Amino acid sequence: MGHVEIPETDISGPVGLRGAPRPRTAASRNRTAALEQLWRAPTAQRDPAGRVPARRKPVHRASVGALTDLLALAGPAWLLLHLGEQPRPWLAAAVAGLLWTGLRGARGRYADPVRAEPGGAFGALGDWLVLLGVLAVLHAAAGGSVDPATAVVAVAPGLLAATAVEGLRAGRRGRAVRKVLLVGEAAGLDRAAELLNSRTDHAYQLVAAIPVGPGRPGFESVQVPGRLATDPADDDVTTVLGGAYAHDADLVLVAPGPQLTGDRLRRLGWGLHDAGIALSVVSELSGIAAGRVRPVTAAGLTLLHIAPPLRRGPQGILKAVLDRGGALFGLLVLSPLLLAVALCVRLSSRGPVFHRQVRQGQYNRPFTMWKFRTMVADAEARKAQLTEDNEVDGPLFKMRQDPRVTPVGRTLRRTSIDELPQLFNVLLGQMSLVGPRPPLPEEASRYDEREGRRLTVKPGLTGLWQVSGRSDLSWQETVSLDLWYVDNWSVATDMGLLARTVRAVTDGRGAY
């Protein structure tokens, strides 16, 4: 066959889009040559033909997890039912194992540990309780002859195995990191980069950024391997893929804006997904837990339904029961410690054992809060003299070396034992075990609308800001954490915060 010379034309573009070839201009050829250099950079592994390299397929964690759950429940269940001389133990064990695996899969327990929402012990326990309910319904409908108590014991090993596996997954999730390439206009890049770099309680590491348009990002610590034009261009995907491969990014995070929406974003998604790179889009929503967001489609639009915060209902009732029960249990168990502390406070300095103070509770209702006295008797009268020494912004008053604090009081504050009398406030229904801290009336009177939202739930003995730094946090950081709790609390969240409180109290940082 003879050599056929093909005219130099530009036929690049998204897959599935066809049009007449366009002659290439000199500027286009120069830009393409520059992009080819980036595309074939030594850090980007490509085959000689220049095709997008296929990413290595991940380990089939879902299959391994499902098989583990199936064997961990069905195996011991068959053995226990067989030893208990129950009828058809193999059938009962197989049905229970398949239901368990299907239920866990439907609830996303086998997802990528970096992307999945944490389930932990409470997630496994919830799945197991649902399994018991389903098995009870099947037992009643089929008229089964398996003893219910024996059945519960038979499926218990499945719960223990799932809890252990999820504990290991949680540890891997804490160590796993996703390298992120950020794409967007300058303002969106600055907002996303600031938020990602300001906290460490996530698995996203920002490695590079590609701006859209002429604007310059405000950060300098992140590399910028390329730039997208203001208007959609044929090299959008090439530029982003080149930056992703050059920095070994496995996720492209897009901050949408007027220059990067709609069809342009969709075409970019086509190219990234064809190359095996994940795509995420930054939402303007903030302070909303993922569990409250439900994506739906309508008329070609992708909608995000936001569930309202919990205020009433079963979880509210359960929270009230746990508050009263936990407070009563705590007072009974800690009564020897409370008596010993009361004696130390009384003998160490003049003044009453307890410090009673009016605080603002839910819906800005005042109540009297109890604490062990940690300051001298005339502390409130001396507060005006120390106003200029306040070390916290906003309406709060805090000093690391407050001269009004007694030696015994300093120890009580460091260990948070001075807060234990508030268990009486919890028992009376004025406070909760978990919630925002109750403000003083003069502090609440200075709240704006945003800060006042902290008062829509009961104040708590402990809360999110107490386990996140306590007094080391700024006022705005404290408000942000409290508002997140107000809008996203759940009984499971409360249980987790109570567990973290023990570690925060043991650590002692931020308490003064």
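All of these numbers come straight from a predicted model, not from anything done at the bench. Values below: every heavy atom of this structure, side chains too, minus hydrogens, waters and symmetry copies.
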Around atom [atom1] of [X], are there more than 12 heavy atoms of other residues, nucleotides or ligands at under 6.0 Å?
X	atom1	value
R311	CZ	yes
E194	CD	no
F367	CZ	yes

With a 4.5 Å limit on heavy-atom distance, are the side chains of [X] and [Y] in contact?
X	Y	answer
V254	S280	no
L131	L135	yes
L196	L253	yes
V207	Q205	yes
R294	V296	yes
Y485	D494	yes
R437	Q466	yes
N364	Y447	no

Item checked: Check against salt bridge (charged side-chain N to carboxylate O under 4.0 Å, His left out), D248 and K179 -> CA-CA 7 Å; D248 198 26; K179 294 184 179 180; 3.8 Å; yes
Could you pull out the closest heavy-atom pair between [X] and [Y], with the gap in Å?
X	Y	value
T462	L498	CG2-CD2, 3.9 Å
D482	W465	OD1-CD1, 3.4 Å
L206	A193	CD2-CB, 3.7 Å
G257	E185	C-OE2, 3.1 Å
R324	G429	NH2-CA, 3.3 Å
L423	A327	O-CB, 3.5 Å

Next item on the list: Please list all pairs passing the ring-ring contact (aromatic ring centres under 6.0 Å, His included) test where one or both residues lie in residues 310-352, with sequence neighbours left out.
Entry: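 Qualifying pairs, neighbours excluded: none.
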Spacing of [atom1] belonging to [X] relative to [atom2] belonging to [Y], to within rounding of 0.5 Å:
X	Y	atom1	atom2	answer
L440	R446	CG	CZ	11.0 Å
R359	T368	CZ	OG1	11.0 Å
L83	L81	CG	CG	9.0 Å
L181	I277	CG	CD1	8.0 Å
R350	T406	CZ	OG1	12.5 Å
L159	L132	CG	CG	9.0 Å

Checklist line | Worked check of side chain to side chain contact (heavy atoms under 4.5 Å, CB included) between Q362 and L455 | finding: CA-CA 5 Å; Q362 188 178 21; L455 303 176; over 6 Å; no
Under 3.5 Å, is there a donor-acceptor pair linking the side chains of [X] and [Y]?
X	Y	result
Y204	N197	no
D69	T101	no
W489	Q315	no
Q476	R450	yes

Check: Between D487 and R453, does at least one N-O distance fall below 4.0 Å, as a salt bridge requires?
Finding: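 Yes, D487 and R453 are salt-bridged.
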Notebook entry, point to check: Sequence neighbours excluded, which residues qualify as salt bridge (Lys or Arg N to Asp or Glu O under 4.0 Å) partners of K371?
Noted result: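 Here the qualifying residues are D418, E419.
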Next item on the list: Quick one: list whatever passes salt bridge (Lys or Arg N to Asp or Glu O under 4.0 Å) with R373, sequence neighbours left out.
Entry: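 Salt bridge (Lys or Arg N to Asp or Glu O under 4.0 Å) list for R373, sorted by chain: empty.
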Notebook entry, point to check: Aromatic rings W370 and F354: how do their planes relate, parallel, tilted or perpendicular, breaks at 30° and 60°?
Noted result: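 The arrangement is perpendicular - the two ring planes meet at more than 60°.
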Next item on the list: Let me see the working for W484 and L464 under side chain to side chain contact (heavy atoms under 4.5 Å, CB included), right down to the final yes or no.
Entry: CA-CA 9 Å; W484 189 96; L464 187 56; 3.9 Å; yes
Note to self: Evaluate R191 against V282 for side chain to side chain contact (heavy atoms under 4.5 Å, CB included), listing each step before the verdict.
What the structure shows: CA-CA 10 Å; R191 174 178 176 268; V282 177; 3.7 Å; yes
Check: Under 3.5 Å, is there a donor-acceptor pair between the side chain of S432 and the main chain of G435?
Finding: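 No; judged by distance alone, with no hydrogens or angles, the pair does not exist.
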Item checked: Evaluation steps, side chain to side chain contact (heavy atoms under 4.5 Å, CB included), between L285 and I306 -> CA-CA 10 Å; L285 298 173; I306 311 299; 3.6 Å; yes
